[in-house]
Amino acid sequence: TDPAALARVCEGAAAVISLVAVRRNRPQTYLDVNIEAPHRLGEAAKAAGVTKVIYISSIGAQPDARFKYLASRWAGEQALQRTGIPSTILRFSHILGEDGGIVGDFQRRAEFGPVIVIPGDGQQHSQPIIREDAARCVIESIARADLYGQTVELGGPEILTYQQLFDFFVAARGITKRQVKVPIPLLEPLVAVVGAVMSNPILTPDERRTLSVEKIAKSTDAVLQHCKFRPTTPSAWAQPQWRTGPPPRATHRRSNAPH
């Protein structure tokens with residue numbers, strides 16, 4: 001976010017890739033990192049003679065104040081484009097790696113409390129893409145003049161529910177702790193209380209709201225259409241890649257909390 005640092009990064013570069021964002025509004029803020037930093041990057045890139053910026057964003061980015069994170073991603077896209085720097089915006093669904101991201105979220109939720117809380121009915125949809133495939137999409141887009149000025153939504157070849165993804169994770173890790181589906185109206189006050197007492201809560205109110213947004217590209221062939229290769233199938237990739245780490249000790253049952 002520092003203009004001098006951004007100027008040094010852009011100096012002598014033909015293209016710049018921006019992967020920087022924060023998912024929570026603390027300790028760094030959405031305004032500083034997700035909105036103002038893309039504008040500063042665009043200005044620094046123009047001044048340095050950079051020919052293209054590839055900006056990584058999120059499917060679901062939209063100017064809706066109910067979803068603070070997604071609204072900040074949309075505002076960051078707009079801020080970059082207003083600088084006039086030639087750019088391509090790549091919006092991804094969940095990016096899956098061996099750790100971090102949603103996998104880190106799964107691990108924390110599996111370790112927190114006597115049961116694992118599944119938000120709502122667990123049927124929220126996403127189109128996850130493997131990290132290496134996402135990186136290949138970014139590299140492929142650098143030389144693509146036809147993508148200048150475009151916003152492209154990218155995801156893997158499958159549409160999966162939150163429950164399906166989480167089941168891949170617990171099966172790979174051998175986690176047998178009981179799962180409880182908590183209706184959203186009951187979850188909201190719990191999230192608010194936990195967020196008030198924990199500096200790094202398991203789930204924030206904004207993350208809870210964002211779960212309701214479908215993170216799906218316009219096509220399951222989006223990567224093939226735009227980047228000319230077939231991405232890995234997450235359901236085949238997940239279990240062998242996530243099979244690490246000590247599982248919590250418990251028995252596995254799944255139930256629904258009362259409505």
Side-chain angles (χ1 to χ4, degrees), residues 23 58-62 64 66-67 69-70 73 91-113 115-131 133-134 153-188 190-191 202-224 230-243 247-248 250 252-259:
R23 290 195 300 158
S58 176
I59 290 179
Q62 57 187 291
D64 189 329
R66 292 176 301 168
F67 310 112
Y69 168 72
L70 293 175
R73 299 312 312 270
R91 291 179 176 174
F92 286 102
S93 186
H94 293 306
I95 297 177
L96 304 182
E98 289 80 2
D99 52 20
I102 194 172
V103 183
D105 293 342
F106 285 166
Q107 186 65 47
R108 292 189 68 211
R109 290 168 194 172
E111 293 172 347
F112 181 78
V115 298
I116 301 172
V117 173
I118 302 298
D121 60 6
Q123 296 306 300
Q124 306 90 342
H125 293 94
S126 66
Q127 195 176 332
I129 184 169
I130 307 309
R131 182 165 52 196
D133 288 337
E153 294 187 347
L154 297 169
E158 296 176 304
I159 294 174
L160 300 171
T161 66
Y162 179 95
Q163 185 69 65
Q164 286 175 308
L165 262 182
F166 191 75
D167 285 347
F168 294 156
F169 174 78
V170 296
R173 297 287 172 94
I175 294 171
T176 57
K177 185 184 286 188
R178 180 186 176 195
Q179 298 180 33
V180 177
K181 292 180 178 177
V182 179
I184 295 301
L186 295 181
L187 187 61
E188 287 179 342
L190 175 63
V191 170
I202 301 300
L203 188 69
T204 68
D206 187 61
E207 288 169 340
R208 203 287 305 157
R209 288 187 291 271
T210 301
L211 281 172
S212 67
V213 178
E214 302 278 84
K215 295 179 72 67
I216 300 172
K218 295 177 181 178
S219 168
T220 52
D221 287 328
V223 170
L224 180 61
R230 294 188 180 276
T232 304
T233 304
S235 59
W237 175 93
Q239 287 205 34
Q241 297 299 323
W242 288 346
R243 195 173 290 128
H252 180 77
R253 287 183 294 161
R254 184 181 299 158
S255 65
N256 294 321
H259 291 262

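Every heavy atom of this structure was used, including side-chain atoms; hydrogens, water molecules and symmetry mates were not. This structure is a prediction, so every number in the text was calculated from the model and none was measured.
Interatomic distance, E111 CD to I202 CD1, rounded to the nearest 0.5 Å: 8.5 Å. The distance from atom CD of Q123 to atom CD of E214, rounded to the nearest 0.5 Å, is 10.0 Å. A distance of 7.5 Å separates CG of D167 from CD1 of I118, quoted to the nearest 0.5 Å. Here the CG-CZ distance, from L203 to R209, works out to 10.0 Å after rounding to the nearest 0.5 Å. T161 OG1 to D121 CG: the interatomic distance, rounded to the nearest 0.5 Å, is 9.0 Å. A distance of 6.0 Å separates CG in L160 from OG in S126, rounded to the nearest 0.5 Å.
Counting only distance, with no hydrogens or angles, the side chain of W242 and the backbone of A171 share no donor-acceptor pair below 3.5 Å. At least one donor-acceptor pair under 3.5 Å links the side chain of K177 to the backbone N or O of A110.
Of all heavy-atom pairs spanning F169 and V103, the tightest one is CE1-CG1, 3.9 Å. Nearest heavy atoms, A217 versus A222: CB-CB, 4.2 Å.
Annotation: side chain of R23 is in contact with side chain of D105 (closest heavy-atom distance under 4.5 Å). Looking only at side-chain heavy atoms (C-beta outward), T220 and Q127 come within less than 4.5 Å of each other. Looking at F168 and P234, their side chains never come closer than 4.5 Å, going by heavy atoms from C-beta outward. Residues P231 and I130 are not in side-chain contact: their nearest non-hydrogen atoms beyond the backbone lie 4.5 Å or more apart. Within the 4.5 Å cutoff, side-chain heavy atoms of V170 are placed close to those of Q179. Two residues are said to be in side-chain contact when any heavy atoms from C-beta on lie closer than 4.5 Å; S58 and L70 meet this criterion. Residues V182 and P119 form no side-chain contact, since every pair of their non-hydrogen atoms from C-beta on lies 4.5 Å or further apart. The side-chain heavy atoms of I59 and I216, taken from C-beta on, include no pair separated by under 4.5 Å.
A side-chain donor from one of Q107 and R173 sits under 3.5 Å from a side-chain acceptor of the other. A side-chain N or O of E158 and one of S235 form a donor-acceptor pair less than 3.5 Å apart. Side-chain atoms of Q124 and Q163 form no donor-acceptor pair, as typed in the model, at a separation below 3.5 Å.
Under the side chain to side chain contact (heavy atoms under 4.5 Å, CB included) rule, L96 has a single partner from T232, D133, I102, which is I102.
Applying the salt bridge (charged side-chain N to carboxylate O under 4.0 Å, His left out) rule to R109 yields no partners; only residues at least two apart in sequence or on another chain are considered. Judged as a salt bridge (charged side-chain N to carboxylate O under 4.0 Å, His left out), and not counting sequence neighbours, the contacts of D64 are R66. With sequence neighbours left out, E188 forms a salt bridge (charged side-chain N to carboxylate O under 4.0 Å, His left out) with R208.
One finds a salt bridge joining R91 and E153 here, because a Lys/Arg side-chain nitrogen approaches an Asp/Glu carboxylate oxygen to under 4.0 Å.
Other residues, nucleotides and ligands contribute over 12 non-hydrogen atoms within 6.0 Å of the CZ atom of R108.
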What's the verdict on side-chain contact (heavy atoms from CB on, under 4.5 Å) for Y69 and E207, showing C-alpha distance, side-chain angles and the deciding distance? CA-CA 8 Å; Y69 168 72; E207 288 169 340; over 6 Å; no
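When ring centroids are compared, F106 and Y162 come within the 6.0 Å threshold.
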